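Let me begin by presenting the structure, written as structure tokens, before commenting on it.
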Amino acid sequence: MSEVLKGAVGLAVKGGPKVKNDKDDILLVRRILRANGYAVEETGGISKPDILKALVAAAKKANIDQASAYIAPNSPLMKALKPKYEQAKKRGDVGGTTEKVMMQKVKHGSQELLFLPRDYLTAKEKLFRSLERYSNQLVKSQNLNMKAYLQYSSAWANNNGMLEAFAQVVTIKAGRVKPPNKALAEAANKAVLALATTMGARNIGKLEADLKQAERSVNAFSADIDRFLKDFTGAAGGVAMSLSVTSAVGFAIVGGMAAPALFAATTLTAAQATVASAGSVAVVASLSSDLGKVTAKQKITLYEAVNNATIDGLVAIATAGIASKLPPNFTKGIAEKLAPRLAHSIAGVSGQQLTPYLTRFLTGAGDEACKAAIGQSMETFGKVIKTGGKAPSKKDFEESVGKVLLSGFGGGLMKDLSSFNENWTKQATKDIEGKLVPDLLKKLVKGNDLNAQQKAEIAKEMSDKFSEEVIKTGLTAYLKIGTGKENPKQMTAIAAKSALDNPALKKKLAAALEAEIKKKKAKKK
């Protein structure tokens with residue numbers, strides 16, 4: 001590439017020199033400008049604004065009066081810029097500069113990341129954006145906690161009356177319960193307000209401290225709300241929130257970026273500074289992305305059920321804790337009533353078999369469904385009581401809960417059970433012919449006593465004879481140990497394993513096989 005400017009570069013003006021803007025000339029001018037400390041890119045045409053701005057700035061710095069942004073061979077501007085360019089060439093750093101490039105240094109662990117100021121601001125913005133969702137969830141959590149706090153606070157002086165009406169149904173007794181702590185509520189409100197302000201102002205100097213304080217305050221208030229609900233209903237059940245990103249690896253960069261040191265990077269040329277800054281931005285972008293993923297995946301359980309069964313807008317029953325305050329065997333009673341009505345839709349299953357399975361489901365995987373049904377029934381009866389109607393009896397309440405559950409089970413649990421029953425019926429035949437019988441035949445048949453065809457015939461005969469028993473064995477086994485969390489594929493796997501490993505079934509099948517083998521041998525003779 002030529003080291004001599006052949007023609008003028010820049011913007012043409014009337015009465016001024018002819019501007020050629022030769023491609024090689026433009027690249028040479030860019031190198032000359034960079035050698036003089038101007039932040040222009042190494043490549044690019046004249047249409048890029050960086051070169052024109054740099055030419056104007058260079059002319060102004062050299063006190064050269066010219067009508068437009070241009071440079072020409074032997075022009076005053078070329079003479080002003082040429083010495084530093086020649087020095088750079090002698091050092092072998094064409095296009096570089098010995099001038100100090102202002103960088104921003106951020107310490108991250110043992111690393112020192114260097115930023116151009118504009119890139120530092122870009123990286124900081126990415127970090128804030130990655131935390132926005134998490135910050136908003138903290139604020140939302142506090143709002144919902146306050147909603148529960150205010151509802152119960154206003155109801156505190158009225159914990160008889162309507163509440164006693166519900167006590168007839170679900171035997172909830174408020175008793176001597178300490179209300180939520182007002183100081184904790186106020187501290188959490190103050191903390192989330194400070195965090196929201198810091199996030200909005202993009203104040204990285206306060207970000208880490210305010211975020212940690214908001215986490216601590218919201219968690220403390222949440223724990224107190226949880227404690228109150230446990231006291232009030234017996235057990236709030238899983239409403240505690242897990243809000244913490246302070247251990248996330250990305251937070252190390254927050255502290256570093258909060259107090260960056262400006263310094264003159266004497267060892268970096270303009271070109272090197274650009275490369276270093278780009279690399280640092282990539283590191284921070286990666287860290288902030290990881291931090292964003294960590295915070296986004298935090299499982300924040302919000303206590304939102306407090307308004308599910310409000311009476312007169314005052315008393316909200318905590319449905320998440322009702323189960324522990326129900327009369328003894330309440331859930332089992334519901335299961336006993338529902339089982340016969342559900343069992344008829346599944347071949348080979350009786351209401352008696354289904355009852356313990358449903359009971360386990362309602363107190364385990366289906367716990368939320370049960371609570372929702374209870375909450376819905378309470379809300380329905382609450383409206384009746386509120387308008388002067390008679391409080392429901394235990395039987396009325398149980399029937400109402402059962403109806404709600406029955407309508408919900410049709411598309412969920414029972415659909416899975418029916419699908420499982422169909423899959424297992426098909427799988428059982430395959431398991432008898434492809435697994436059970438072949439495994440037993442290996443032990444019972446020696447040498448070439450039976451050929452492949454005879455073995456296949458025996459497997460088919462055993463399948464016809466024992467398929468119903470194998471199906472029943474697997475089905476019964478699953479209903480004894482299943483929780484309702486399993487999908488149809490998992491249900492089938494449990495049934496298959498139980499049937500294949502059943503000692504009594506194997507013994508019975510082995511006896512039938514021995515008899516059949518004798519017949520085949522006798523026939524062969």
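These numbers come from the heavy atoms of this one structure, side chains and all, not from hydrogens, waters or symmetry mates. Note that the structure is a prediction, hence the values are computed from the model and not measured.
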Are Q427 and D431 close enough that a side-chain donor and a side-chain acceptor fall under 3.5 Å?
yes

Does CD in E468 sit with more than 12 non-hydrogen atoms of other residues, nucleotides or ligands closer than 6.0 Å?
no

Any idea which heavy atoms bring G351 and A343 closest together, and the distance?
N-CB, 3.6 Å

Going through the checks in order, is the salt bridge (charged side-chain N to carboxylate O under 4.0 Å, His left out) test met by E422 and K426?
CA-CA 7 Å; E422 184 180 341; K426 295 175 183 176; 3.7 Å; yes

Go through the side-chain N and O atoms of S222 and N145 and say whether any donor and acceptor fall under 3.5 Å apart.
yes

With the side chain counted from C-beta on, respond yes when V349 and L417 share a heavy-atom pair under 4.5 Å apart, and no when they do not.
no

How close do N181 and F221 get, counting heavy atoms only, and between which atoms?
O-CE1, 4.1 Å

Kindly give the heavy-atom pair with the smallest separation between V106 and Y120, and that separation in Å.
CG2-CE1, 4.1 Å

So Y357 and L342, do their side chains get closer than 4.5 Å, heavy atoms only?
no

How long is the span from the CG atom in L131 to the CD atom in E208, to the nearest 0.5 Å?
10.5 Å

Between T355 and Q352, a side-chain donor and acceptor under 3.5 Å:
no

Please report the shortest heavy-atom distance between A428 and I471, naming the atom on each side.
CB-CG1, 3.6 Å

Quick one: are V437 and E433 in side-chain contact, heavy atoms under 4.5 Å?
no

Those residues at least two apart in sequence (or on a different chain) that pass side chain to side chain contact (heavy atoms under 4.5 Å, CB included) with K190 are none

What heavy-atom pair brings T483 and Y478 nearest, and what distance separates the two atoms?
N-OH, 4.3 Å

Closer than 3.5 angstrom, by distance alone: can the side chain of E469 be matched with the main-chain N or O of F466 as a donor-acceptor pair?
no

Please check if the side chain of N219 supplies one atom and the backbone of E215 the other of a donor-acceptor pair under 3.5 Å.
yes

As an exercise, state the distance from NZ of K124 to CG of L127, rounded to the nearest 0.5 Å.
10.0 Å

Rounded to the nearest 0.5 Å, what's the gap from CG on D416 to CG on N421? Could you check?
12.5 Å

For R341, look at atom CZ and say whether over 12 heavy atoms of other residues, nucleotides or ligands are found less than 6.0 Å away.
no

How long is the span from the NZ atom in K460 to the OG1 atom in T429, to the nearest 0.5 Å?
8.5 Å

Rounded to the nearest 0.5 Å, what separation is found between the CZ atom of R129 and the CE atom of M199?
11.0 Å

Would you be so kind as to tabulate the donor-acceptor pairs closer than 3.5 Å made by side chains of residues 489-497, with sequence neighbours excluded?
residue, atom, partner, partner atom, Å
Q490, OE1, N487, N, 2.9
T492, OG1, P488, O, 2.9
K497, NZ, D501, OD2, 3.1

Could you tell me whether the side chain of R360 and the main chain of L479 form a donor-acceptor pair under 3.5 Å?
yes

What closest approach, in Å, do K435 and L500 show between heavy atoms, and which atom pair accounts for it?
CG-CD2, 3.9 Å

Measure the shortest side-chain to side-chain distance between L121 and F115 over non-hydrogen atoms and say whether it is less than 4.5 angstrom.
no

Test item: S467 side-chain N/O and S463 main-chain N/O as donor-acceptor pair under 3.5 Å
yes

Residues D439, K443; criterion side-chain contact (heavy atoms from CB on, under 4.5 Å); working and verdict:
CA-CA 7 Å; D439 285 353; K443 297 177 183 178; 5.9 Å; no

Please check if the side chain of D210 supplies one atom and the backbone of T198 the other of a donor-acceptor pair under 3.5 Å.
no

What's the separation between atom CG in L211 and atom CG in L195, rounded to the nearest 0.5 Å?
5.5 Å

Tell me if a side-chain donor or acceptor on E486 pairs with a main-chain N or O of G484 at a distance below 3.5 Å.
yes

